Amino acid sequence: MMNREHTLGFPDGFVWGTATASYQIEGAVTVGGRQPSIWDTFSRRPGAVHNGDTGDIADDHYHRYREDVGLLADLGVTHYRFSLAWPRLQPDGKGAINADGLDFYTRLVDELLAHGIQPWVTLYHWDLPQALEDAGGWPVRDTAERFAEYAAMTHEKLHDTIAHWTTLNEPWCSAFLGYAAGAHAPGRTEPAAALAAAHHLMLGHGLAVAAMRAQDSSSQLGITLNLTPVSPATEDPADVDAARRVDAVSNRLFLDSLFRGHYPDDLPADVAAISDFGFAQDGDAAVIAAPIDFLGVNYYFREFVRAGTGAPAADPHARAWVGSTDVEPVRTDLPTTAMGWEIDPSGLSDVLTWVHRDYGPVPIYVTENGAAFDDVRDEDGAIRDNDRISFLDSHFRATLQAVEDGADVRGYFVWTLLDNFEWAYGYDKRFGLIHVDYATQARTPKDSARWFAEVTRRNGLAEPLEVR
């Protein structure tokens, strides 16, 4: 398979893991008192999800978690990042913790620990209880307060066995794909509501950090942002300004509020025709900027943009650039994944060093990175996904470059363990290290899984990479 004459090593104690999300893998959406989430509702909207797919069964992880933990152990990972389903733990988004939901996650954590794998939980990966959306969703302040209550109640029950707690996964997606572009649940197209949602997501994060910190000062608390380097397509001033505007609403809105205690200075003017930020109250900025123990960074691609013609762009991501929906994404000649995302590992090293330089020092974990490809099963049943191996190898090397450049990167979670429900793409896109036959739920490790297991066990990369 590969030449092992030389190894590029990662720092001692480097965290290796995979990441998943509750709605994408668990299934069992009506079991044990779980109530609907916004994704249960959205996936039933005609045309919202490819092929009308839903997460009703997904990977049936709820019933097959022991098998899946065994697969994790085979990968040699030190940690497993998974999300807790809010509507499983607190079905209506308020009130007491649901005992059946708590029991499921307690059993999952116990199984992980029995295999020597540390659990790393995300409190919110997009599955808002539908009852809270019916009451206004993230655009209303009460949802932030309900989230902090849910976080505190869950942390109080589980903090003895879970050290690392991520409040939110990719609040940009929740706010802007969900409430501006309409491409994700709840499928609303209200730019002003999206800005309010972004604020209340970050407020909920800060309130949750304060509540959990008060319960156990030893818990490691953080947040995960999807960060995308944004570059102008040309040096034309209009293109440069387009990149600045997209960067403000995509990246700096979240980074500046977390680490500088205010929103980007240039953002209010960009969105002045949409919102006056009247949803922000005195004291909110300090709550949002509560100190965190780590920052999770999700990276998938780099953006090149240019000034548009004035008409809203057709691309869903462009529609999510509130205040800049005229800006157009520009393609380059780089190869792409099955998602159509350009493969640019240099963007990962760039974003890691940028965060360290401009917002550090803060421990950083790559909490998601991976790729969907059109996996093909060979006649012998094997899935020889060399394209995924090459993708991961190049991004691991980009991370090592960032470490060498001084970034405090402490771990890497591959997206994802299992092929699963890929949001609006349904089951059409496969990101997993493990192939899932959705008709039978049979799991088959791909070649990338075996390759990744060698990486984790040597804590490094073979030099040079050779795959067949």
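Since the model is a prediction, treat every value here as computed from it, not as a measurement. Worth knowing before you read on, the calculation uses all heavy atoms, side chains too, and leaves out hydrogens, waters and symmetry mates.
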Item to complete: Only pairs at least two apart or in different chains count here, so list each salt bridge (Lys or Arg N to Asp or Glu O under 4.0 Å) that has a residue in residues 357-369.
Response: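 Sorted result for residues 357-369: Arg81-Glu368.
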Fill in: Qualifying salt bridge (Lys or Arg N to Asp or Glu O under 4.0 Å) pairs, either residue in residues 188-208, two or more places apart
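Checked against salt bridge (Lys or Arg N to Asp or Glu O under 4.0 Å) - neighbours excluded - the pairs reaching residues 188-208 are Glu133-Arg188, Arg188-Glu190.
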Item to complete: Show your working on salt bridge (charged side-chain N to carboxylate O under 4.0 Å, His left out) between Glu342 and Arg331 and close with a plain yes or no.
Response: CA-CA 8 Å; Glu342 294 182 342; Arg331 302 297 295 268; 3.3 Å; yes
Between the side chains of [Y] and [X], is the shortest nitrogen-to-carboxylate-oxygen separation below 4.0 Å, so that they form an ion pair?
X      : Y      : value
Arg244 : Asp247 : no
Glu26  : Arg34  : no
Arg430 : Asp385 : no
Arg88  : Asp127 : no

Worksheet item: Out of Leu348, Asp350, Val355, which residue meets the side chain to side chain contact (heavy atoms under 4.5 Å, CB included) rule with Leu352?
Response: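 The single option meeting the side chain to side chain contact (heavy atoms under 4.5 Å, CB included) with Leu352 is Leu348.
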Worksheet entry | Heavy-atom side-chain proximity of His79 to Tyr365 below 4.5 angstrom |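 Heavy-atom side-chain distance check fails, nothing below 4.5 Å.
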Discussion item. Within the structure provided, determine whether Asp387 and Asp374 are in side-chain contact (heavy-atom separation under 4.5 Å).
Written reply: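 Heavy-atom side-chain distance check fails, nothing below 4.5 Å.
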Discussion item. Please tell me whether Glu170 and Asn298 have a donor and an acceptor in their side chains that are separated by less than 3.5 angstrom.
Written reply: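 Note: Glu170 and Asn298 side chains meet the donor-acceptor criterion.
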Practice prompt. Examine the side chains of Thr367 and Thr224 and answer whether a donor and an acceptor come within less than 3.5 Å of each other.
Written response: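 A donor-acceptor contact under 3.5 Å links the two side chains.
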Worksheet item: Checking Arg260 against Tyr359: charged group under 6.0 Å from the ring centre and within 45 degrees of the axis?
Response: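 Geometry flag: set, cation within 6.0 Å and 45°.
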Practice prompt. Go through Trp120 and Phe294 one step at a time and tell me if the ring pair (Phe, Tyr, Trp, His ring centres under 6.0 Å) criterion holds.
Written response: CA-CA 12 Å; Trp120 185 304; Phe294 64 87; 4.9 Å; yes
